[in-house]
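Computed from a predicted structure; not experimentally measured.
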Amino acid sequence: MLISQEFFDKCDPSYQAVITQLELDLSSTEENDLKEEFLDNFSSKYIMPKEYWSLKLELANYLWSISEEQCSSFVLKGIYHFYYERKNEVYISDGFYRKILHLSIEKFGLMLPSKKRDYIKNALLYPHKHLEKFYKEYDENAISPLPADLLKRHNEMKELYQRIKESENDLEKWFSLLSQASDRKFIIHNMEYRIGGDLLNKRLWKIYIKYLKDENDFHGLFHLYSKYCRFFLDDFEMKTEYETEVKKYGKKFSVAWTEPFEFESSESWDDVYDREEKSNPNSAYISLIPTPMEPTGNFYDNIIPQEFSLPKPLIRYILNCTNDIILRKLHQTCKYIFLQKPTPICYSIEVPTETTSFINEALLLNNIEHPPINNYLLTNSLFARNFGNILYNPFFLSSTIIPSLSQCIAKYIKIGYQKLTLNELKFFIGSGNVELLEIFGSKITDGNNGNLPLEDIFKSVPKIRHFQMTEIKCTPKTAEILANLNFQNKIKSLELIELYGTPLNVQDFKEFCIKNMDKTFGMTLDFQEGSVTDKFCLSFNEAMKDKKYFSEKSIHRMEINIANIHID
């Protein structure tokens with residue numbers, strides 16, 4: 001039996017009988033198609049526990065082998081039954097986004113920045129366990145700073161999440177705190193998520209029923225009654241209450257169950273799916289089509305001379321010393337300020353895209369065109385990736401982007417398939433603000449056209465949290481220099497792919513990790529074939545898996561390879 005004996009024993013006798021028959025049907029065949037048919041028939045008549053939905057998912061390998069339409073059908077019917085695949089939260093997808101306390105962050109890692117922004121912005125505004133991580137994700141992919149009112153809401157939701165989490169064992173208090181989020185979908189999604197994990201908890205069902213009554217949500221209320229009566233088959237009192245409420249409504253209520261009660265009428269599952277898709281809470285967050293860059297030739301046509309109480313040298317001093325946050329506000333005050341310091345602020349650059357355009361303060365740039373503005377200040381992120389290979393337009397950043405920028409103070413830098421000198425790289429990372437740096441498929445050269453050693457890059461990123469680079473040169477002093485550097489943040493992830501040159505000094509590198517790594521950091525070291533021996537990798541592994549200094553989680557997330565061949 002897929003469900004536990006304890007769960008089975010607490011079910012109504014009539015429900016025990018139909019579950020027993022389902023188990024007999026499933027055990028009567030080895031054919032997956034027949035097993036799926038038995039599960040489909042059962043779930044069309046009764047609420048089906050999560051264990052059987054997991055079996056259905058496993059039988060058809062739904063994540064990979066079926067059409068998008070079939071997947072939608074499975075997901076939406078599962079959600080109607082309060083089913084969520086709790087280990088991976090696979091239903092955090094485009095059409096079926098659910099605002100749950102246990103929201104997974106992994107799904108968003110697979111999206112392009114232009115796709116994920118809307119979802120992440122939505123996820124900042126209600127309580128869940130990954131609020132801080134989502135804020136980092138939003139900040140990395142944002143097209144403008146988060147408005148003050150949304151930032152305030154985000155901070156309030158972090159505090160509310162902690163209070164909700166602490167009250168999990170007190171249902172009434174837990175539900176009361178859910179309501180403080182002032183987000184109806186958040187309340188509904190979390191009530192249904194919790195019912196799905198605790199179907200036998202009648203108190204939980206009845207709190208939800210009362211909520212829908214108080215909200216005058218008769219449609220949701222009747223569907224909830226219909227589900228309750230398809231699980232608690234012997235609760236005739238509740239069935240009578242359901243019938244009474246429907247009759248007050250004045251007409252039969254439509255349900256998709258294949259055996260409707262006498263006071264219910266039939267509808268198709270397609271109608272249920274359509275309703276669920278229309279209730280997608282992300283509908284308000286869908287991005288507009290990027291706006292093409294318009295000519296700015298008439299910007300100064302309506303300038304009116306202005307006089308300020310501050311003397312002009314003082315205004316110039318303020319403009320010379322201001323940071324990007326104040327400069328943005330000064331630009332918004334009047335055109336005179338922009339005329340005095342014509343430095344447009346660009347929050348993000350994303351290359352390549354099909355056409356050159358702006359979304360808010362983000363520049364989406366075709367990788368064969370020059371930016372439509374000059375002398376601009378890049379403040380947050382540069383994503384110049386996926387050019388294909390280093391032979392295709394390898395000097396785009398140095399010949400096109402750098403001449404158009406006055407300065408780069410970005411925190412997030414991703415560069416792919418480019419050739420840069422040390423000075424050109426320092427133009428992007430030299431502010432010392434960089435927290436995430438990914439350089440792959442690229443050649444970074446020193447003054448003599450040789451490859452730049454790893455330590456020279458790390459010297460320029462004192463705030464680094466995430467670092468990834470391919471084809472990295474190491475010198476006899478690399479590990480020692482790294483160990484002696486001081487960083488302002490703890491490093492959360494380190495991926496060094498295709499290391500070559502002098503093998504890293506194991507003890508010095510270990511000291512670097514002990515001193516600078518976050519307690520749950522992840523690390524990948526991949527040495528080029530022929531650059532080190534198996535024995536060296538084994539000793540490196542042994543040194544780095546020291547439980548005295550590194551957590552079990554970090555040790556589990558360490559990989560040390562030779563040319564992608566893992567060495568244990």
ask   = Checking S554 side chain against S551 main chain: does a donor-acceptor pair fall under 3.5 Å?
value = no
task = Would you verify whether the NZ or CZ of K414 falls within 45 degrees of the ring axis of F383 while also being under 6.0 Å from that six-membered ring's centre?
result = yes
inquiry  = Surrounding CD of E542 (heavy atoms of other residues, nucleotides or ligands, distance under 6.0 Å), is the total greater than 12?
reply    = no
inquiry  = In the structure I gave you, are the side-chain heavy atoms of M558 and F521 within less than 4.5 Å of one another anywhere?
reply    = yes
task = Evaluate the side-chain proximity of F467 to L437: yes if any heavy-atom separation is below 4.5 Å, no if none is.
result = yes
Expected output: side-chain S442 to main-chain Q418 donor-acceptor under 3.5 Å = yes
query = To the nearest 0.5 Å, how far apart are SG in C408 and CG in L378?
reply = 4.5 Å
ask   = Hey, does Y417 have a side-chain heavy atom less than 4.5 Å from the side chain of N393?
value = no
ask   = So, does S381 use its side chain to make a donor-acceptor pair with the main chain of Y412 at under 3.5 Å?
value = no
query = Rounded to the nearest 0.5 Å, how far does CD of Q507 lie from CD1 of I514?
reply = 8.0 Å
query = If we only count heavy atoms from C-beta on, is the L496 to L454 side-chain gap below 4.5 Å?
reply = yes
ask   = Within a strict 4.5 Å, meaning less than it, do heavy atoms of the M544 and M523 side chains meet?
value = yes
key: K490 atom NZ, over 12 foreign heavy atoms within 6.0 Å   = yes
task = Assess the pair F540 and F536: is the distance between their ring centroids shorter than 6.0 Å?
result = yes
ask   = What distance do I359 atom CD1 and L364 atom CG have between them, rounded to the nearest 0.5 Å?
value = 4.5 Å
ask   = Under 3.5 Å, side chain of N366 to main-chain N/O of E354, donor-acceptor pair present?
value = yes
ask   = Do K99 and N190 get their side chains close enough for a donor-acceptor pair, meaning under 3.5 Å?
value = no
message = So D508 and L482, do their side chains get closer than 4.5 Å, heavy atoms only?
response = no
request  = Let me know which of Y135, Y161, F134, Y126 forms a ring-ring contact (aromatic ring centres under 6.0 Å, His included) with H154.
outcome  = Y135
query = Rounded to the nearest 0.5 Å, how far does OG1 of T379 lie from CD of E361?
reply = 7.0 Å
inquiry  = Using a 3.5 Å distance criterion without hydrogens, assess whether the side chain of N561 forms a donor-acceptor pair with backbone atoms of D526.
reply    = no
ask   = Can you check whether Y376 reaches L405 side chain to side chain, under 4.5 Å on heavy atoms?
value = yes
task = Taking only Lys NZ, Arg NE, NH1 and NH2, and the carboxylate oxygens of Asp or Glu, determine whether K152 and D149 approach each other closer than 4.0 Å.
result = no
query = Do side-chain atoms of E455 reach the backbone of K477 as a donor and acceptor pair under 3.5 angstrom?
reply = no
query = How about K515: does its NZ atom have over 12 heavy atoms from other parts shown lying under 6.0 Å from it?
reply = yes
query = Could you give the distance from NZ (K419) to OG1 (T445), rounded to the nearest 0.5 Å?
reply = 9.5 Å
ask   = Considering only heavy atoms from C-beta outward, does the side chain of I555 approach that of K547 to under 4.5 Å?
value = yes
ask   = Once you round to the nearest 0.5 Å, how far does OH of Y549 lie from CE of M517?
value = 16.0 Å
